[in-house]
Amino acid sequence: ESGITRPKGYNVSFHCNPGMEKHHFGMTHPMKPWRLTLSKSLIYSYGMSFAMDNYVSRAATYEELATFHSTDYLDFLGTVLPEPVPRDLENQNPDLKFNLGGSDCPLFDGLYDYCSMSAGGALDGARKLCSKQSDIAIAWGGGLHHAKKAEASGFCYINDIVVAILQLLRYYPRVLYIDIDVHHGDGVEEAFFSTDRVMTVSFHKYDPNNFFPGTGALDDNGPKSEHNPGAHHAVNVPLNDGITDEQYEWLFNSIIGRIVEKFRPGAIALQCGADSLAGDRLGRFNLQVQGHGACVEFCKKYNLPLILFGGGGYTPRNVARAWAYETSIAISCDDKISPTLPQHVPWREQFRQDTLFPTLEQILGEPRVNRNSQKRLQDILQHVTEQLRFVQA
Ligand code: V1S
Ligand code: CA
Ligand code: ZN
């Protein structure tokens, strides 16, 4: 008995395709599609599937992917063969077509299937919101925010988020995109650079020379070229190592609160990259499951159609905890999920502790030094507030 019941008149749909989970980027590559298996297993062990509509998503069609991606790129992606010999990390092939085949975006068996399944889940979720069959749609297999129209980048080949937002734009005049992955959501930002119908907001670690992808400075707010309606519609929140739950929540709520008030979106798309959690293999922040989840809770309070995507997340036990907690936030009214992991969870030993909310000490031993001063965070909020003067709904 999980204690989780289906709230009346409130629909959450869960979109996944188990076919995604068996793919491998390579032994040393940080992206492990298996983390989706671990997340789902925790979600199901809590009994959450009884409180949602569960769908095995389709693979997106070529035509659906072509709503954003160039056909040259899709044709190449659909025909390239996996590399027979794993490439030496230090010795990358310099003439990669569409940035495919390097160590970040390797060519592996079933690559096209993997990408189209990721986009299929996101698109199915968006369609459920458009048809009002769901209030919240969840696609943890999506969130691949770096992919460009004709280029792979940072473990992302197909931008499922852009494809899903394009679907939302058929029904909603304005869509707010929020990205809490530790990396800058550059692909989504660029895709909507010239429209005022999508506002993109990314919170990320910013260090132009030492942290991928190096873009997303505070004053990069969309091209201010003559008569670009998209000018001022990109919000960037550059952060330093070690930010805490308390600071992040304050900044997130203040910024998103002001944006929703001014931009008045008809739907919200939230990328929940779990590499912003403490202890992530690639991340740098001190966020806990509670602080990460608080962003979902805050967005849910607006009662707007909401789609949740996955994204980064390179320490699978933390990814599973965060996405399970966030699934519980999506489905629950007031009843809180048990902070103790269910008694029977497959791969129980993966989780190390039996709590959903490990402390920073449990995660890291020694937390990272926090390099975000309150003054800097206030300056960021001030900049965003001034930027919003140029935005009208
Ligand atoms: N940080 C980081 C990182 N680590 C790797 C990597 C490590 C081992 C491998 F076998 C293969 C790749 N690549 C990177 C970053 C890309 C991060 C992408 C994040 C994706 C997301 O979470 O936002 C969304 C899913 N790439 C780089 O830093 C580029 C390099 C500049 C340095 C690393 N080498 C391997 C490639 C070039
Ligand atoms: Ca981000
Ligand atoms: Zn990331």
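Counting starts at 1 for both ligands and their atoms, in listed order. Since the structure is predicted, the reported quantities are computational estimates derived from the model, not experimental observations. Positions are given from 1, in the same order as the sequence printed here.
The side-chain heavy atoms of Cys272 and Trp323, taken from C-beta on, include a pair separated by under 4.5 Å. Side-chain contact between Gln374 and Trp250 is present, with heavy atoms from C-beta onward closer than 4.5 Å.
Not a single heavy atom of Gly273 sits under 4.0 Å from any atom of ligand 1. In this structure, Tyr314 has a heavy atom closer than 4.0 Å to ligand 1. Ligand 1 has at least one atom lying under 4.0 Å from a heavy atom of Met31.
Annotation for Thr385 and Arg258: closest pair OG1-NH1, 3.0 Å, computed over non-hydrogen atoms.
For the pairing with Val237, the side chain to side chain contact (heavy atoms under 4.5 Å, CB included) check across Leu218, Leu377, Ile255 returns one residue only, Ile255.
Contact check on Lys300 versus Glu326 returns no salt bridge, with no Lys/Arg side-chain nitrogen under 4.0 Å from an Asp/Glu carboxylate oxygen. Note on Lys336 versus Glu297: salt bridge recorded, some NZ/NE/NH1/NH2 to OD/OE distance being below 4.0 Å. Of the charged side-chain nitrogens involved, none lies within less than 4.0 Å of a carboxylate oxygen, so that Glu21 and Lys32 do not count as a salt-bridged pair. Asp379 and Lys375 are joined by a salt bridge, as a carboxylate oxygen and a charged side-chain nitrogen come within less than 4.0 angstrom of each other.
If you look at Tyr248 and Phe203, their ring centroids are closer than 6.0 Å. A centroid separation of 6.0 Å or more is found between the aromatic rings of Tyr157 and Tyr73. Aromatic pair Tyr325/Phe357: ring centres closer than 6.0 Å.
Residue His183 counts as close to the Ca ion (ligand 2), with an N, O or S atom under 3.0 Å.
Polar contact with ligand 1: absent for Arg281 (N/O pair, distance under 3.5 Å). Taking only nitrogen or oxygen atoms, main chain and side chain alike, Asp104 reaches within less than 3.5 Å of ligand 1.
Remark: at the Ca ion (ligand 2), atom OG from Ser202 and atom O from Phe203 enclose 90°, rounded to the nearest 10 degrees. Here the Ca ion (ligand 2) is the vertex; the OD1 atom in Asp179 and the O atom in Asp181 give an angle of 100° (to 10°).
Contacts between Asp275 and ligand 1 below 4.0 angstrom, taking non-hydrogen atoms only, involve the side chain exclusively. Under 4.0 Å from ligand 1, heavy atoms of Thr28 appear from its side chain as well as its backbone. Contacts between Phe211 and ligand 1, counted as non-hydrogen atom pairs separated by less than 4.0 Å, are absent for every part of the residue. Looking at Pro30 against ligand 1, only its side chain comes within 4.0 Å, counting heavy atoms. Contacts between His183 and ligand 1 below 4.0 angstrom, taking non-hydrogen atoms only, involve the side chain exclusively.
Taking a cut-off of under 4.0 Å to the non-hydrogen atoms of Gly154, the atoms of ligand 1 that pass are 18 (C), 20 (C). Residue Gly312 has at least one heavy-atom neighbour below 4.0 Å for each of these atoms of ligand 1: 22 (O), 24 (C), 25 (C). Below 4.0 Å from some heavy atom of His29 lie the following atoms of ligand 1, by number and element: 9 (C), 10 (F), 11 (C). In the vicinity of His145, heavy-atom distances shorter than 4.0 Å reach the ligand 1 atoms 21 (C), 23 (O), 24 (C).
Of the N and O atoms on the side chains of Glu189 and Asn236, at least one donor lies less than 3.5 Å from an acceptor on the other residue.
When the N, O or S atoms of His183 are ranked by distance to the Zn ion (ligand 3), ND1 comes first. Looking at Asp181, its N, O or S atom nearest to the Zn ion (ligand 3) turns out to be OD1. In terms of distance to the Zn ion (ligand 3), the nearest N, O or S atom of Asp275 is named OD2.
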